[in-house]
2 protein chains.
Amino acid sequence: MKNAPDLSAQIAKSIRDAIVSGDLDVGDRLPSEAELSDQFNVSRSTVREALKRLAAQSLIRTQRGATGGAFVNKLRFEDAYGQQITTSALLLSMNAVDFTTACEARFALERACAPLSAQRRTADHLATMRAEITRQAQPGLTDEAFCASDVAFHRALVDGAGNPVLSYQLAGAVEAIEPLMNMITFTARSRDQIVALHQGLADALEARDTDALVTGLDTLAHYTADLGATVAAKQKTPQKGN
Amino acid sequence: MKNAPDLSAQIAKSIRDAIVSGDLDVGDRLPSEAELSDQFNVSRSTVREALKRLAAQSLIRTQRGATGGAFVNKLRFEDAYGQQITTSALLLSMNAVDFTTACEARFALERACAPLSAQRRTADHLATMRAEITRQAQPGLTDEAFCASDVAFHRALVDGAGNPVLSYQLAGAVEAIEPLMNMITFTARSRDQIVALHQGLADALEARDTDALVTGLDTLAHYTADLGATVAAKQKTPQKGN
DNA sequence: ATTTTTCATTTGTCAGACATTTAAACGTCT
DNA sequence: AGACGTTTAAATGTCTGACAAATGAAAAAT
């Protein structure tokens with residue numbers, strides 16, 4: 001039962017290692033596909049499949065034309081967000097992670113940002129949060145739009161910490177549970193409640209009051225978890241329609 | 001300036017969307033490459049490049065032979081760790097994230113796990129941590145081995161929270177700064193210090209004492225940051241050799 | 001009934017061709 | 001000499017056709 005991986009996978013790994021180890025630097029141009037097929041003694045198609053693998057991970061970008069080729073891509077935080085979110089979302093759905101667990105993780109991470117955000121948040125972050133609160137209070141909003149605004153609100157809070165690594169890590173946790181959140185029908189009363197809690201968070205952040213911020217997050221966490229539990233209980237009692 | 005992506009990228013996106021949306025389920029078999037090239041009206045090579053892109057993200061796995069084909073892969077947390085770590089490591093190095101920022105993020109996230117871990121950690125987690133402490137106290141250890149053990153120790157702490165989502169998110173933060181940590185030469189005295197702090201963490205966890213755990217983590221965070229700052233200062237004064 | 005053989009299906013790899021894009025090299029005109 | 005259009009070479013993107021290798025299922029032999 002030998003487990004020899006494909007040639008294209010081997011070549012991709014070889015190049016990937018060169019990038020990770022710093023052997024290839026950002027902006028460096030890889031040899032052309034023809035040269036690579038010579039070096040690795042494989043056909044051009046195989047090389048291309050390897051390059052597509054790397055492109056899928058945003059490790060390289062390709063450019064056509066005379067001075068074109070494959071270049072080592074500078075991986076930016078913004079580029080990584082997307083993959084992070086898709087992966088997290090798939091992990092949640094494929095491993096049947098329940099709402100409670102996802103919520104717990106999300107608020108634990110968010111609470112970790114609280115002290116930093118209280119200390120460093122700018123007026124901009126606060127303004128974004130206030131704007132989202134206003135939007136959330138509008139009555140005609142769909143559940144999806146409400147959730148999207150919720151995400152934007154919490155991202156502003158997290159970004160307030162001024163640490164891109166934290167923002168990156170949190171993006172996965174916060175945005176990946178949006179699909180789960182979307183399944184919750186927010187009644188007018190629960191929306192009012194959430195908006196009020198958000199207001200409290202924004203106030204705490206404006207006052208740079210870490211304790212109030214943490215307390216507010218805890219309250220919101222519990223309220224959200226309860227909402228989720230209610231929905232889960234309702235879905236257990238089968239209704240008409242699947 | 002139209003930005004038409006490659007056909008293989010379009011096809012990959014199309015299939016990826018079908019997976020993310022749940023249109024394709026885990027274990028489902030995709031049409032054969034020949035069928036796909038018919039459906040999308042492209043050549044087999046183009047289809048293959050699309051499939052390799054998806055394979056690079058662990059979204060599908062392929063199998064040769066009569067009943068073979070491409071199957072929607074169940075994305076497991078363990079599978080996602082690897083990508084998460086490579087991506088995080090590249091993000092840190094390519095964006096010149098300094099040790100302080102990375103450290104801050106790491107300990108902020110870890111502190112978020114502390115209450116949960118204090119509550120839920122099993123004897124197993126504790127045993128792992130004690131074992132790693134013992135290893136770290138051995139004098140002949142290389143810096144790399146010391147760092148690896150450090151990672152294992154902290155992973156046990158994080159896993160103690162019993163939340164796979166948290167463990168996944170943290171893996172990136174904790175393991176990605178290992179390369180940065182490896183650049184630090186740990187003197188005998190600093191090692192003793194760290195081992196003592198680890199001992200304190202294990203004790204706090206054994207006693208399920210959240211406050212002590214958080215305090216210990218804060219102390220360790222500061223100590224680590226200081227160590228990093230010292231190294232950075234030394235590297236600023238150029239020595240012989242580059 | 002069991003084992004062996006054959007066979008069809010599917011992915012993996014290769015080779016060669018043509019299309020398309022792009023920038024540099026070249027010529028031409030002012 | 002400089003500006004502007006043309007050619008050209010290099011590179012990726014795509015297509016076609018072929019063969020190799022793996023693999024399970026059906027067919028055949030024992």
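Convention: sequence-line order gives letters A, B, ...; per-chain numbering from 1. Computed from heavy atoms alone, side chains included, the values below leave out hydrogens, waters and symmetry copies.
- Within a 6.0 Å radius of CZ in B/R76, no more than 12 heavy atoms belonging to other residues, nucleotides or ligands are found.
- Rounded to whole angstrom, the span from the CZ atom of B/F71 across to the C1' atom of C/dT9 amounts to 12 Å.
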Take nucleotides 12-21 of chain D nucleotide by nucleotide from the 5' end and write B, S or -, depending on whether a protein heavy atom sits under 4.0 Å from the base, only from the sugar-phosphate, or from neither. BBBBB-B--B
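- Taking 4.0 Å as the cut-off between side-chain N and carboxylate O, A/E110 and A/R106 count as a salt-bridged pair.
- With a 6.0 Å cutoff to the six-membered ring centre and a 45° limit on the axis angle, B/R155 counts as a cation-pi contact of B/Y81.
- B/H125 and B/T122 share a donor-acceptor pair across their side chains, judged by distance under 3.5 Å alone.
- Enclosure of atom CZ in A/R130 by more than 12 non-hydrogen atoms of other residues, nucleotides or ligands within 6.0 angstrom is indicated.
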